[in-house]
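Okay, structure first, notes after.
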Amino acid sequence: MLLKCLMTIVWSAGFFLPGFSQYSVKVSVLDSEVNYLILNTNFVIRKHGVLQNSTKATANGRFELRGLTAGRFSLLLSCIGYQDYHSEFELSPENPVLDLGRITLLMKTNLLKEVRILGTVDPIRIKGDTTEYNALAFRSNLNDKVESLLKQLPGISVDKDGKLTAQGRTIDKVLLDGQEFFGDDPTLATRNIRTDMVDKIQLFEKKSDLAVLIGRNDGKGVRTMNIKLKADKKKGYFGKTEAGIGNGGYAATQMMGNYFNGQQQISVYGVAGNNGATSLNWQDNAKYASSNVDISVSGYMIDLVGYDELESRNGNYSGQGIPLARTSGLHYENKWNKNENSLNFNYKIGSLKTTGTQEISSQNSLPSGLVSSSAAEEFSNEVFRQKLDVRFDLKLTNDANLKITVNGGLKNRAAKHSALSSLLLHREDSAGLMKETENFRYLSEDSKEQHFMASALYLRKLKKEGRTFTIGLMTSLEQQQMNGQLKSNTTVSQMDPAIENIDQNKISNISNQGLYMNATYSEPVSKSLLLLLNYGLGGSNNGMSRFSFDRLNEQLLNTPDPLYSNDFELGQLGQEAGLSFSLAKQKVLLNFVLKGSVVAFKQRDRATKSQSDRSFLLWHPQLNFQYTLSPQRSIRFNYEGNTAAPAIAKLQPVLINDDPLNISQGNPLLSPSFSQTFFIGYQSYHPDNGELIGVFANYGTVMRPIVNKIQTDTAGKTFTQFINLQHFPSRSLNLSLFYDRRVKTLDMSVGVNFNVNGNTSYHISNEVLNKLDDYTYKVQMRFSKLMPNAYEFNLSLGPSYTLGGASLQPDYHNNGKGFLGDGNFTVYLPFRLQTMVTAAYQYFGKTAVFDQGLSRMIVNASLSKVFLKENTLKVALSGSDLLNQNVGFNRSSAGHLISHRSFTVIKRYFMLGLTYDLNKMKSQ
């Protein structure tokens, strides 16, 4: 007993000795109802379960504890008559003094009025560039999924396809407890993980592996959402099985199972259906190699397909056509050795088939008039893909780490496409309508693709703290083989009609092999300043061959057509050197990077035996600044410049006639373009009223952009070649302002968003510069409310206005009004019945180019009943597109065209479905 008292005296004295330590924490406590400071509050602080200090608040209701050490602490606030408050905080050399601000305690008498407990913790906490939402502070119903929770979070929006947007920016990656979860499909996590399993939702810029290893921000990040599970939800298993059958031949099934055992996790899933719910991100342009290991040499273009007229006719499903999807996957993750070593494994296999039709109307502005075109198309596409990625993190010693990543994939595609197109050439002179050109074409292709990438990153910590050395290696191999057929008939209406027939077989082979190395050295100049040096070396060999063989009198010629055939090779060898400084203070993070690389091009046209050697100096400056005004307010500024060399697909000097009315050709004389992006963001949150304010602006410009030089002949047909445009940089803008707050009198969240998104681009039309603008302005009001086991609704609506057009023909613009709205309303009825209605409204007004306005209201509804003790069994009758107004359409200004597209979509149907949720999670 005496020893314990002596230790307590010594410990307490040590805390209050001047200069004992610089670490401290401050907090004030208020009553949640009347907002006054609470006296006599008890404060208990523990570290690793060991009591650090226990005391009471001062007479003014405030508390400050000094003399702490670096580390993670738990805080308990208690007062007679109030609900206890539990929280955690962390002190570090970068943040030695922490002000928790004002914390409100809820009176226990209020707990008797409501079953739920809300407001005992801050719903939102902003820490630098990380926004953290506390799931316990938001309402949810039994068996709700994460997507339902996300729709309540201020600043976050979820569209009908599950795409996530936060603070005006698309979320690129979704993690589960900081780890990849089935790779590139975020909906597998958001639509299958239960809300009651979630502890926190975190938004941040995911650092590169190098930045994580050296412990400093290198300015490279990916916009990421992390779903952090509760500690007691990491042992056991849960899953979901869903099946439905409807009229019109529609059907859907889905299965998912997850097993947790501490740090070990195994997950499987399977999806099959033709109702559009593929739950997959089958983006054809998505990288098979999704590693975040940054070891490549700047300026390199690892481009497999690049620009290709066939690019849009693949197996992708984005609401266009009728899909049939079958896919499944396996995920395994394990950590051991005190979480120092980890293994992450993902395998996915699946197929997707889409069929449908589309109609396209477009306008091409000329110096002396314009070309109006229309096309009716029919398509059928199939894709079969397998994908595997493995990541292994190993701590070799206390001072050495190794990260190994392997990615690979196989993809087979089959596409058939037929189109009937017509062109009308208008002149501004007295000639008026000059010519009408008509084309019918049939195009098919079968392709096989193989991808492989392996990388390793080794880090060694040296004796001095902060001094590190890393070396990374990466090798990649990509190949594609394609066989296709083109049949085309073009007629020009004149007194003597001219007819052009094409019957060709097409063979193409594309390959890329690369090997890259990067080494870095970090040196701490002071406790807050870090110097980083890097050197990179790499080489690649790219090949692209395209051959077209004419068919004459049903006989295929052995000699390729020289106009549409070419065999091109591009070799690259580059070296890079970089210097960066990273300054980390208590509230300030500043990062400056300057990299330069020299890349040598060896271009060889194997068809003509010609060769060209060129070299480029590429610059890559970066500046990142972050200032934390308070625990709930921060401001950020980012600048990045990037010099990018042209891809092989834009260099190859071959004519591509897949669309005989629009022929394109590469340019072997293209030079690099220089892009710059500027980003500024401000965000603040007030826990007293749930007010969230955000201002985010992103502005980009490209110097010497690669643009289209278009020559339109007297029949309206276009010939396009890529060129570098001097003195006229392209521009882009994305501005997002949002304001959200909790209205206590209505018990509702209310917000307003203002967004500007658009770009300015250029091209050359018949030797005259043409400027295209496309900007959309939107205002959206947002309302949401949830009463557990009673009702809930989310509503977002507001007007929009689009400004778009071409400088050559300003009278034929695409300016027009619009309106967007979507919402959902759910009512929980007696006898465990539930009804839900979702609605999405879209309106495009008429413009000078398109004289007809378009609108659609898509209404879906369902009636369901749950069974069993925890509502784990659900039977639902649902109807999709009840008003039968689903019409696929969009309008855009892109390239040199202002276009309107209408296409096949899934129409009205009804479905009877059965869902069973299994949950056997145990506390550890």
Side-chain angles (χ1 to χ4, degrees), residues 92-95 128-130 204-222 224 291-300 393 395-403 405 455-474 516-538 574-599 617-628 636-643 676-677 679:
S92 64
E94 291 78 18
N95 296 284
D129 67 344
T130 299
F204 56 91
E205 299 289 326
K206 188 177 187 298
K207 298 178 182 177
S208 67
D209 285 330
L210 178 61
V212 173
L213 288 172
I214 65 177
R216 300 296 177 94
N217 192 344
D218 61 356
K220 298 181 179 180
V222 177
T224 302
S291 168
N292 198 32
V293 179
D294 178 31
I295 59 177
S296 61
V297 177
S298 298
Y300 270 92
D393 294 356
K395 185 169 185 177
L396 303 175
T397 66
N398 290 334
D399 301 321
N401 293 66
L402 177 65
K403 293 180 178 289
T405 304
S455 65
L457 181 63
Y458 172 80
L459 176 136
R460 179 76 179 183
K461 296 181 180 180
L462 305 179
K463 290 185 177 180
K464 184 176 180 180
E465 184 177 356
R467 181 181 292 171
T468 63
F469 171 76
T470 69
I471 185 168
L473 296 173
M474 182 178 77
Y516 311 92
M517 181 276 294
N518 191 289
T520 63
Y521 171 79
S522 64
E523 177 66 29
V525 180
S526 65
K527 291 184 178 181
S528 57
L529 182 62
L530 180 72
L531 170 67
L532 188 68
L533 303 172
N534 86 282
Y535 171 78
L537 175 67
Q575 298 185 75
E576 177 190 80
L579 170 69
S580 68
F581 291 94
S582 180
L583 176 67
K585 289 284 191 179
Q586 180 180 349
K587 294 186 176 182
V588 176
L589 176 63
L590 178 64
N591 180 254
F592 172 74
V593 181
L594 179 60
K595 291 184 178 181
S597 59
V598 178
V599 178
L617 178 61
L618 311 178
W619 292 104
H620 309 273
Q622 293 181 27
L623 177 65
N624 303 283
F625 172 78
Q626 177 181 302
Y627 183 73
T628 303
R636 289 188 292 137
F637 171 80
N638 303 98
Y639 165 79
E640 182 174 358
N642 181 56
T643 309
Q676 300 179 89
T677 57
F679 171 81

Heavy-atom nearest pair, Leu457 first then Gly472, reads CD1-CA, 4.0 Å

Asn518 versus Glu576: any side-chain heavy-atom pair under 4.5 Å? yes

To the closest 0.5 Å, what do you measure between CZ (Arg467) and NZ (Lys461)? 14.5 Å

Test item: Leu531 and Leu579 side chains (from C-beta on) under 4.5 Å apart, heavy atoms: yes

Looking only at non-hydrogen atoms, find the nearest pair between Leu589 and Ala584 and report the distance. CD1-CB, 4.1 Å

Is the backbone N or O of Ser455 less than 3.5 Å from a side-chain atom of Thr405, with the two atoms forming a donor-acceptor pair by type? no

May I ask you to decide if Leu617's main-chain N or O and Thr643's side chain share a donor-acceptor pair within less than 3.5 Å? no

May I ask you to test the Ser597-His620 pair for a side-chain heavy-atom distance under 4.5 Å? yes

Would you say that Lys595 contacts Gln622 through its side chain, given a criterion of any heavy-atom pair below 4.5 Å between the two side chains? no

Any idea which heavy atoms bring Ser522 and Leu530 closest together, and the distance? CB-CD1, 4.0 Å

Within-4.5 Å side-chain heavy-atom neighbours: Leu594 and Trp619: yes

Nearest 0.5 Å please: distance from the CG atom of Asn642 over to the CG atom of Leu618. 8.5 Å

Apply the side-chain contact (heavy atoms from CB on, under 4.5 Å) test between Ser582 and each candidate in Val525, Asn624, Asn591, Val593; give the one that qualifies. Asn591

If you define the side chain from C-beta out and look only at heavy atoms, does anything of Leu462 sit under 4.5 Å from Asp399? no

Find the distance between CD (Gln626) and CG (Leu583) and round it off to the nearest 0.5 Å. 12.0 Å

Report yes if the side chains of Leu473 and Tyr458 come closer than 4.5 Å at any heavy-atom pair, otherwise no. no

Interatomic distance, Leu623 atom CG to Tyr639 atom OH [nearest 0.5 angstrom]: 9.5 Å

4.5 Å side-chain heavy-atom contact, Thr397 and Arg460: yes

Going from CD on Glu523 to CG on Leu532, what distance comes out if it is rounded to the nearest 0.5 angstrom? 11.0 Å

Are Phe581 and Leu590 close enough, and set up right, to give a side-chain contact (heavy atoms from CB on, under 4.5 Å), and what steps lead you there? CA-CA 8 Å; Phe581 291 94; Leu590 178 64; over 6 Å; no

Val598 vs Gln575, test: side-chain contact (heavy atoms from CB on, under 4.5 Å). Steps then yes/no. CA-CA 6 Å; Val598 178; Gln575 298 185 75; 5.5 Å; no

